[in-house]
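In listed order, ligands and their atoms are each counted from 1. The chain is numbered in sequence order, starting from 1. Side chains are part of it too, since the values below use all heavy atoms of this structure and drop only hydrogens, waters and symmetry mates.
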Amino acid sequence: MTATLIDGRVVAQSLRAELAARIATLSFRPGLAVVLVGDDPASAVYVRNKDRAAVSAGIAAQTIRLPAATSQAELLAVVARLNADAEVDGILVQLPLPAGLDQAAIIRAIDPAKDVDGLTPINAGLLAAGQPGLVACTPLGVMKLLAHAGTSLSGARAVVLGRSVLVGKPVAALLLAADATVTIAHSRTRNLQAECRRADVLVAAVGRAEMVRGDWIAEGCVLIDVGINRLADGRLVGDAAFAECAAVAGAITPVPGGVGPMTIACLLENTLTAALMRRTG
Ligand code: NDP
């Protein structure tokens with residue numbers, strides 16, 4: 001391996017410690033409500049991790065568990081109650097929601113000032129317009145890792161693999177705001193490999209195990225791997241073939257231990273940001 005390892009666990013840990021120290025100085029405890037509908041095992045693990053991390057940072061966290069059979073109206077009523085609760089600064093509805101629920105309508109119902117996942121159209125629109133708002137946690141984590149790695153973004157060629165509302169689009173908007181020249185590639189992109197090879201910075205968010213191979217990337221490129229894919233043998237891998245890419249890249253994130261821990265740390269940061277905006281104006 002020749003690439004520098006960008007260790008998301010270390011960066012996330014120091015961000016979490018910094019947030020805990022800042023929260024300890026406040027005269028109130030920021031509140032976070034996480035809503036989990038149904039019993040998807042992966043979602044249950046994510047929610048438990050978020051709850052623990054929030055509590056250890058000094059955030060008053062609550063998890064609202066609802067049965068898979070919850071109706072749209074019932075879930076909207078829960079969101080409305082949390083919107084109106086003065087002690088709740090951040091609301092996160094864990095995705096994906098069970099089939100039958102209109103995910104977009106639920107997200108739209110969240111008060112944008114409490115939207116710590118940055119997914120409401122208001123916050124997504126503010127990001128697209130280059131104005132301050134709450135930014136989606138995973139994209140925020142990607143940018144913090146790039147900053148930690150000392151990556152120079154101004155004028156750099158950045159390629160984002162994936163155009164989801166959750167990851168690809170907001171990452172691209174943030175890279176553009178940082179003055180990179182951004183290409184967004186997706187399943188219809190012609191000659192994906194050639195697009196990737198042009199990248200000084202490559203962010204892979206496709207959800208395809210080890211799709212990006214060593215000969216897809218330019219020597220010295222910075223590769224941020226957002227993908228989390230579980231193989232049949234139980235191993236977790238990213239969207240890039242790690243060993244091959246680490247032999248070519250200048251810097252690379254591992255999976256697990258790269259972007260994943262940053263997502264949770266950024267959720268805590270967004271909760272503090274939302275609390276300060278709401279409570280101190
Ligand atoms: P989505 O499935 O919503 O989006 C995937 C994107 O990748 C789409 O834009 C799709 O293109 C594109 N894509 C799929 N297959 C190909 C292909 N063969 N070639 C080129 N592009 C392709 O996924 P998410 O954005 O939600 O997540 C992406 C990955 O990141 C997943 O592995 C997910 O588990 C992980 N993730 C990790 C997080 C973390 O904390 N580390 C948080 C969130 C997600 P098209 O639009 O054309 O269909």
**Message:** If we check side-chain contact (heavy atoms from CB on, under 4.5 Å) with V35, which of these qualifies: I106, V47, L66?
**Reply:** L66
**Message:** Strictly under 4.0 angstrom, heavy-atom based: which residues surround ligand 1?
**Reply:** T138, G162, R163, S164, L166, V167, H186, S187, L192, A205, V206, G207, R208, M211, V226, G227, I228, N229, V259, G260, T263
**Request:** For Q131, enumerate each residue passing the side chain to side chain contact (heavy atoms under 4.5 Å, CB included) test, keeping only those at least two apart in sequence or located in another chain.
**Result:** L126, A129
**Salt-bridge criterion met for E87 and R29 (N-O under 4.0 Å)** = no
**Prompt:** Which of these, V135, L15, V116, sits in a side-chain contact (heavy atoms from CB on, under 4.5 Å) with E269?
**Reply:** L15
**Prompt:** Can R235 and D233 be counted as an ion pair, charged N to O under 4.0 angstrom?
**Reply:** yes
**Message:** Testing the basics here: between V167 and A205, what is the closest heavy-atom pair and its distance to 0.1 Å?
**Reply:** CG1-CB, 3.6 Å
